[in-house]
Structure formats: C-alpha cells, structure tokens
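Keep in mind it's a predicted model, so treat the numbers as computed, not measured. Residues take their numbers from the sequence shown, with the count starting at 1.
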Amino acid sequence: MDESEDVPKDFINLKSEKLSVDEVSELVVSPYCGAVSLFIGTTRNNFEGKKVVHLEYEAYTSMAESEIKKICRDVRQKWPSIKHIAVHHRLGVCRNPYLDCRNLDADVMV
C-alpha cells in the first residue's frame, strides 16, 4: 500500500450507545504512523461534594459535528503529519454515571 491509499480521514460520531476504545482505535491506526494518541473522558461519582446520580449528554448534533470538524481542521493545520482523527462522544442519559459511563464519555484519537 502506498501512502496515497491511506488518505487522511476524520471520523466523528455522537451516539447514545456505549463507546469502545477498540472500535475507535481501529479507525485511526495507520501503517504510516508510529503511535496513536488517546484521550478518554470519564465521569466522576461526585460534583461539589454531592453524589452524582445520573448525567444527561445532549447536543444539537449538526452544530456539534460542524464544530468538531473545525477542530479537526485546526489540528491538521497545526500538525499536518497527522493521518486520521476520530472523535466519538456519548449522548443520552447515564443512569448510574460511575457504572454506566465510566468506560467512555468522550473518546478522541489521532
């Protein structure tokens, strides 16, 4: 495979299902890159001394996706050698945030 076959891509996904590090990392791995950088946002079980019972993530999806695309463009402008970018974010209600959402609330890989 020559490098022209591995065209840089942005993968943006806002979803109510559980997020998967493996699923997202498979999107960004490239034989032309020596590493994958990962950010995982998780949920605390407390806020300002109070127990967190549930969280609800919502978004105006088309606007959120547009803003994430802008961020991807900015990243590529600053670091042109980045091959693929994946941004996945959880939407919806997490009834017991520590148990339901602790795996991933936000997932960003480059």
For this session: Check whether more than 12 heavy atoms from other residues, nucleotides or ligands sit under 6.0 Å from atom NZ of K69, and answer yes or no.
Result: no
For this session: Inspect the surroundings of CD in E58 and state if more than 12 heavy atoms from other residues, nucleotides or ligands are less than 6.0 Å away.
Result: no
Separation between [atom1] of [X] and [atom2] of [Y], rounded to the nearest 0.5 Å:
| X | Y | atom1 | atom2 | value |
| --- | --- | --- | --- | --- |
| D10 | E65 | CG | CD | 12.0 Å |
| D22 | L27 | CG | CG | 11.0 Å |
| L19 | N13 | CG | CG | 7.5 Å |
| D74 | C72 | CG | SG | 9.0 Å |
| E67 | S62 | CD | OG | 10.5 Å |
| E17 | R90 | CD | CZ | 8.5 Å |

Exercise. Taking all non-hydrogen atoms of both residues, which atom of F47 and which atom of V52 are closest, and how far apart?
Worked result: N-CG2, 3.8 Å
Exercise. Which pair of heavy atoms, one from V29 and one from H84, lies closest together, and at what distance?
Worked result: O-CD2, 4.2 Å
For this session: Please assess Q77 against R73 for the test side chain to side chain contact (heavy atoms under 4.5 Å, CB included), listing each intermediate value before the final yes or no.
Result: CA-CA 6 Å; Q77 201 167 37; R73 279 194 301 273; over 6 Å; no
For this session: Start with the C-alpha gap between I85 and R76, add the side-chain angles, then the distance that decides, and say whether side chain to side chain contact (heavy atoms under 4.5 Å, CB included) holds.
Result: CA-CA 9 Å; I85 300 173; R76 291 188 183 288; 3.7 Å; yes
Exercise. If you group Ile, Leu, Val, Met, Phe, Trp and Tyr by side-chain heavy-atom gaps below 4.5 Å, do V87 and Y60 land in one group?
Worked result: no
Problem set entry | L14 vs I68, side chain to side chain contact (heavy atoms under 4.5 Å, CB included): CA-CA, chis, key distance, verdict | CA-CA 10 Å; L14 306 173; I68 293 168; 4.1 Å; yes
